Amino acid sequence: MNNYKDLNNVKEVIENYIKGTYEADISLLKNVFHEKARMSGYLGDKFVLGGPEPFYEDLESHPSMKENKDNFTATITYIDITENIASATLYETGFFGDTCIEDHFHLIKLKNGEWKIISKAFSVIA
């Protein structure tokens, strides 16, 4: 059963993901991902599978979208919560210029009540 507190907490995790991505704030991103999180998807034809570390490294390798003043927008299009698990979908445009990405997240509520992203599947949209 969903409750507003859980909904707000899950939404806050995804909003922090958005902020961390836009600003290349790696410590904020590390805070939203579980330490054993997985990340997989396609960058063009290249399949990526592993943890979020390559994502952090990529964000750190050049000026942030905020610094570049990229026209980045991110919209949460879906959130579903069942007890201690949640799913969320995020649609991003203007990712480092003109790239569009759709992210599908799975989150888990830890024993301390904190929500963390445990997996992210993503695809660049042509």
Side-chain angles (χ1 to χ4, degrees):
M1 172 118 184
N2 297 0
N3 68 51
Y4 289 114
K5 182 179 179 189
D6 284 333
L7 179 60
N8 288 336
N9 290 341
V10 167
K11 189 175 179 185
E12 181 180 14
V13 169
I14 302 303
E15 288 171 345
N16 282 335
Y17 169 87
I18 295 166
K19 181 178 187 205
T21 299
Y22 179 66
E23 297 177 359
D25 184 338
I26 305 309
S27 72
L28 180 58
L29 288 169
K30 286 182 177 180
N31 189 51
V32 298
F33 279 97
H34 187 276
E35 63 187 24
K36 294 184 179 179
R38 305 302 291 164
M39 186 179 285
S40 57
Y42 284 91
L43 291 171
D45 291 338
K46 182 181 177 190
F47 178 66
V48 179
L49 177 65
E53 292 77 15
F55 177 58
Y56 305 150
E57 291 167 8
D58 181 54
L59 289 176
E60 289 180 313
S61 71
H62 42 76
S64 72
M65 289 183 280
K66 181 179 181 178
E67 290 174 69
N68 286 340
K69 298 185 183 356
D70 287 324
N71 190 23
F72 174 73
T73 61
T75 305
I76 300 170
T77 59
Y78 174 82
I79 294 178
D80 185 49
I81 302 168
T82 304
E83 297 295 331
N84 297 317
I85 60 172
S87 298
T89 303
L90 181 66
Y91 184 75
E92 300 171 89
T93 61
F95 189 88
F96 284 104
D98 58 0
T99 302
C100 296
I101 299 173
E102 185 165 295
D103 299 316
H104 293 244
F105 298 97
H106 288 114
L107 299 91
I108 194 150
K109 186 177 182 180
L110 302 175
K111 297 228 183 235
N112 66 4
E114 188 175 17
W115 286 90
K116 295 283 186 177
I117 297 169
I118 57 169
S119 70
K120 172 187 162 185
F122 64 93
S123 183
V124 173
I125 301 170

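Worth saying up front: this structure is predicted, and the values here are computed from it rather than measured.
- Put simply, the side chain of Ile85 does not reach to within 4.5 Å of the side chain of Leu107, judged on heavy atoms.
- Using a 4.5 Å heavy-atom threshold, the side chains of Glu92 and Phe72 count as touching.
- The list of side chain to side chain donor-acceptor pair (under 3.5 Å) pairs with a residue in residues 65-77, not counting sequence neighbours, reads Ser64-Glu67, Thr73-Thr93.
- Annotation: ring pair (Phe, Tyr, Trp, His ring centres under 6.0 Å) contacts involving residues 80-102, sequence neighbours excluded, comprise His62-Phe96.
- Cluster partners of Ile108 are Leu110, Ile118, counting Ile, Leu, Val, Met, Phe, Trp and Tyr whose side-chain heavy atoms approach within less than 4.5 Å, directly or via other members.
- Distance check: Met65 CE to Leu59 CG gives 6.5 Å after rounding to the nearest 0.5 Å.
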Only distances under 3.5 Å count here; give the side-chain donor-acceptor pairs of residues 15-24 to other protein atoms, sequence neighbours excluded, each with its distance to 0.1 Å.
residue	atom	partner	partner atom	Å
Asn16	ND2	Glu12	O	3.4
Tyr17	OH	Lys120	NZ	2.6
Thr21	OG1	Tyr17	O	2.8

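- Between Leu90 and Tyr78, every side-chain heavy-atom pair lies at or beyond the 4.5 Å cut-off.
- Within the model, atoms CG of Asp103 and CZ of Phe122 stand 8.0 Å from one another, a figure rounded to the nearest 0.5 Å.
- Residues Leu28 and Phe55 fall into different hydrophobic clusters, defined by Ile, Leu, Val, Met, Phe, Trp and Tyr side chains chained together at heavy-atom separations under 4.5 Å.
- Using a 4.5 Å cut-off on side-chain heavy atoms (C-beta onward), Lys11 and Ile79 make contact.
- Residues Tyr56 and Ile26 come closest through the heavy atom pair O-CD1, 3.7 Å.
- For the pair Val13 and Trp115, the tightest heavy-atom approach, listed with the atom from each and the gap, is CG2-O, 3.5 Å.
- Taking Glu114 as the reference, Lys116 meet the salt bridge (charged side-chain N to carboxylate O under 4.0 Å, His left out) condition, with sequence neighbours excluded.
- Phe47 forms part of a hydrophobic cluster together with Tyr42, Leu49, judged by ILVMFWY side-chain heavy-atom separations under 4.5 Å.
- When the side chain to side chain donor-acceptor pair (under 3.5 Å) test is applied to Ser61, no partner is found at least two apart in sequence or on another chain.
- Using modelled atom types, no side-chain atom of Asp98 and backbone atom of Gly94 make a donor-acceptor pair closer than 3.5 Å.
- Annotation for His106: atom NE2 does not count as buried by contact number, only 12 or fewer foreign heavy atoms lying within 6.0 Å.
- Side-chain atoms of Asn8 come within 3.5 Å of backbone N or O of Tyr4 as a donor-acceptor pair.
- Within the 4.5 Å cutoff, no side-chain heavy atoms of Thr89 are placed close to those of Phe105.
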Item to check | Full working for side chain to side chain donor-acceptor pair (under 3.5 Å) between Asp6 and Asn3 | outcome: CA-CA 6 Å; Asp6 284 333; Asn3 68 51; 3.3 Å; yes
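- Residue pairs meeting the salt bridge (Lys or Arg N to Asp or Glu O under 4.0 Å) criterion with at least one partner in residues 29-56, sequence neighbours excluded, are absent.
- From Ser119, atom OG reaches atom NE2 of His34 across 12.0 Å, with rounding to the nearest 0.5 Å.
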